[in-house]
Amino acid sequence: MHDIRALRENPELYEKAWAAKGRSGAAAEAVELDAKVRAIKTASEQVQARRNDLSKQIGQAKARKDEATAQALMAEVEILKANQAAEAEAERDAAQALHDLLAALPNIPFADVPAGADEHDNVEVRRWGEPFAISNPRDHVDIGEGLGLIDFEAAARMSGARFTVLKGELARLERALGQFMIDIQTQEHGYTEVSPPLLVNDAAAYGTDKLPKFAEDLFQTTDGRWLIPTAEVPLTSLVMGQIVDEEELPMRVTALTPCFRSEAGASGRDTRGMIRQHQFYKVELVSITTPEQSEAEHERMVSCAEAILKRLELPFRTMLLCTGDMGFGARRTYDLEVWLPSQGKYREISSCSNCGDFQARRMDARTKKAGEKGTRYVHSLNGSGLAVGRTLVAIMENYQDEKGRIAIPQALHRYLPGLTHIGGQG
RNA sequence: GGAGAGGUGGCUGAGUGGUCGAAAGCACCGCACUCGAAAUGCGGCGUACCUUUACGGGUACCGUGGGUUCGAAUCCCACCCUCUCCGCCA
């Protein structure tokens, strides 16, 4: 949610950001609605003050058995009430309109985020590793099906498109990857492991800016809950409605969970293989910080995600997203892109965003210094550390050999004792 | 799913229609006392929003949302959550 005061004081800043996202005029609209809401509110509060005063007088009159005065006062209240109903409705409508407008408007990128329309304008920050020399690389579908360890047809029969069945050592590799990632994040990077609900209510989805705008991207249960599209939702919601002691910040939490996405707007994209699925595992990193800490924490978080790819010795590059490619809630986003030999290009495997106080305002998550008055909204950050399914794809493709086998990266050996290759040893 | 109990300020906890934003205690802050501290005494001490140059004034909030009433923490309805017992269940 946006700070309406900041918007009021600096509408040009908001107008610029929203115009770039095709919402030209939204800032002026919000300012106008806000003025209207406050005008009605001020007027109606004055009427209510008068009414409260009259009611008090009625009580006093009744106490001294002065029925005549009480009746006269009650008649006066009746007149006020008649006008109040319409006023109240006008105020509700205006406030609702303002809220609905603001709830559907994206966060404002930091001033130094590169302007741009789409992914072509993203800026490469750094690159790690050299793409392996693989002649005629096969993609993970061919490799997996060739080994008999991946079965998209069975998945389609029982669930439909965009689902995968993994078997045997490939299923085991996926599981090992999740363990490996979360162990690194907890044991080496100081994140606290959380096992959160995978179904959440409207408030949690709204607070993490998945609602109201992106409901169609989510799966909903018959009782009205939502399947989490990422553990960002439950992890960030840990502080929903809370006032956290400033000493406890930064708060770093992580979870390995399945993620569920309807991929409503992605028909036709990445239809082959397990790049884009309705369900996938991901290790998510979430940090809750003070306003002062968030930028440094963001850099740290990106390095925590990068560490996984380095350990797995997978070539990647780190991209600073331009304004046009950033998500709804972010002020700054870095994507990690891993090299996929079959596609001959880098593909997103992690996205790390600093949301500033955007989500905190939506979920009323604040922080307070011990012994001091007053609260401030926290900052929230989230990042993948990493997407397990896509990492599996990256390993399959980057570690394939000419015999159709997949070598196991050194870092995973302790998670897969005795297994050096999938598809035949040595 | 059934039966019952309950949700009040940072915490404990009183409050069943009017002067209650809410007693009291604890915690916290200030002052006094003290060489200092403890103890004691006095005072202060919720949040959000509107309004005002300022001082201040006002509105809302006692789980959430409705309703009754001139007036609701208090009465009514629905929902949510917690606890106890029963049932079911991995």
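None of the values given here were measured: they were computed from a predicted structure. In what follows, chains carry the letters A, B, and so on, assigned in the order in which the sequence lines appear, proteins first and then strands, with residues in each chain numbered from 1.
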Atom CD of Glu91(A) to atom C1' of C49(B): distance rounded to whole Å?
-> 11 Å

Using only side-chain N and O atoms of Arg38(A), determine if any of them is under 4.0 Å from OP1 or OP2 of U51(B).
-> yes

His421(A) and Tyr399(A) aromatic centres sub-6.0 Å = no

Is the Phe152(A)-Phe163(A) ring centre distance short of 6.0 angstrom?
-> no

Specify the separation, in whole Å, of atom NZ of Lys62(A) and atom P of G18(B).
-> 13 Å

Arg332(A) and Asp112(A): salt bridge (charged side-chain N to carboxylate O under 4.0 Å, His left out), yes or no, with the steps?
-> CA-CA 9 Å; Arg332(A) 188 196 311 283; Asp112(A) 58 341; 3.2 Å; yes

Nucleotide G10(B), atom P - distance to CD of Glu247(A) in whole Å = 18 Å

Can the ring centres of Phe358(A) and His379(A) be said to be less than 6.0 Å apart?
-> no

Tell me what Glu78(A) touches on the nucleic acid: a base, only sugar-phosphate, or nothing, going by heavy atoms under 4.0 Å.
-> sugar-phosphate

Calculate the interatomic distance between Lys81(A) atom NZ and G67(B) atom C1'; express it in whole Å.
-> 12 Å

P-based separation of A73(B) from C79(B) [nearest Å] | 23 Å

Using the C1' atom as the reference point in each nucleotide, state the distance between U19(B) and C11(B) in Å, no decimals.
-> 29 Å

Reckon Thr375(A) has a side-chain N or O less than 4.0 Å from the OP1 or OP2 of A48(B)?
-> yes

Ring-face cation contact, Tyr206(A) with Arg362(A), 6.0 Å cut, 45° max = yes

Quote, to the nearest angstrom, the C1' distance that separates G2(B) from C76(B).
-> 24 Å

What distance, rounded to whole Å, do you find between the two C1' atoms, one in G10(B) and one in U59(B)?
-> 25 Å

With heavy atoms under 4.0 Å as the rule, sort Arg8(A) into base, sugar-phosphate or nothing.
-> sugar-phosphate

Kindly determine whether Glu284(A) and Thr257(A) satisfy side chain to side chain donor-acceptor pair (under 3.5 Å), including the steps that lead there.
-> CA-CA 8 Å; Glu284(A) 182 73 0; Thr257(A) 71; over 6 Å; no

Side-chain contact, heavy-atom cut-off 4.5 Å: Thr192(A) with Thr186(A)?
-> no

Please state the C1' separation for the pair C42(B) and A54(B) - nearest whole angstrom.
-> 30 Å

Spacing of the C1' atoms in G30(B) and C80(B) (rounded, Å) = 42 Å

Tell me, which stems hold RNA chain B, with a stem being 3 or more Watson-Crick or G-U pairs in a row and both distances under 3.5 Å?
-> B:1-7 with B:80-86, B:10-12 with B:24-26, B:28-32 with B:40-44, B:46-51 with B:56-61, B:63-67 with B:75-79

Of the candidate nucleotides G71(B), U19(B), U51(B), which contains the atom at the shortest distance from the side chain of Ser55(A)?
-> G71(B)

Using atom CZ of Arg225(A) as one end and atom C1' of C79(B) as the other, report the distance to the nearest whole Å.
-> 13 Å

Got Tyr281(A) and Leu256(A) here, is their nearest side-chain heavy-atom distance under 4.5 Å?
-> yes

Is the shortest heavy-atom distance from the side chain of Leu199(A) to the side chain of Pro197(A) under 4.5 Å?
-> no

On RNA chain B, check which nucleotide each of Met74(A) and Ala63(A) is closest to and give me the residue with the more 5' one.
-> Ala63(A)

Atom CD1 of Ile40(A) and atom C1' of U51(B): how far apart are they, to the nearest Å?
-> 16 Å

Under 4.0 angstrom, heavy atoms only, what part of the nucleic acid is Ile58(A) near: base, sugar-phosphate, or nothing?
-> base

In short, Ser380(A) meets Gln359(A) closest at the heavy-atom pair OG-OE1, 2.7 Å

What string of B, S and - do you get for nucleotides 55-61 of chain B, 5' to 3', when a contact is any protein heavy atom under 4.0 Å?
-> ---BBS-

Measure from NZ on Lys368(A) to P on G46(B) and round the result to the nearest Å.
-> 12 Å

Counting just side-chain N and O atoms, does Arg92(A) come under 4.0 Å of either OP1 or OP2 of G66(B)?
-> no

Quickly work out the Leu54(A) CG to G18(B) P distance and round it to whole Å.
-> 19 Å

Expressed as a whole number of Å, how far does the P atom of A78(B) sit from that of C26(B)?
-> 42 Å

When you compare C75(B) with U69(B), how far apart are their C1' atoms, in angstrom units rounded to a whole number?
-> 10 Å

Give a yes or no answer on whether the side chain of Glu297(A) reaches the backbone of Pro250(A) with a donor-acceptor pair at less than 3.5 Å.
-> no

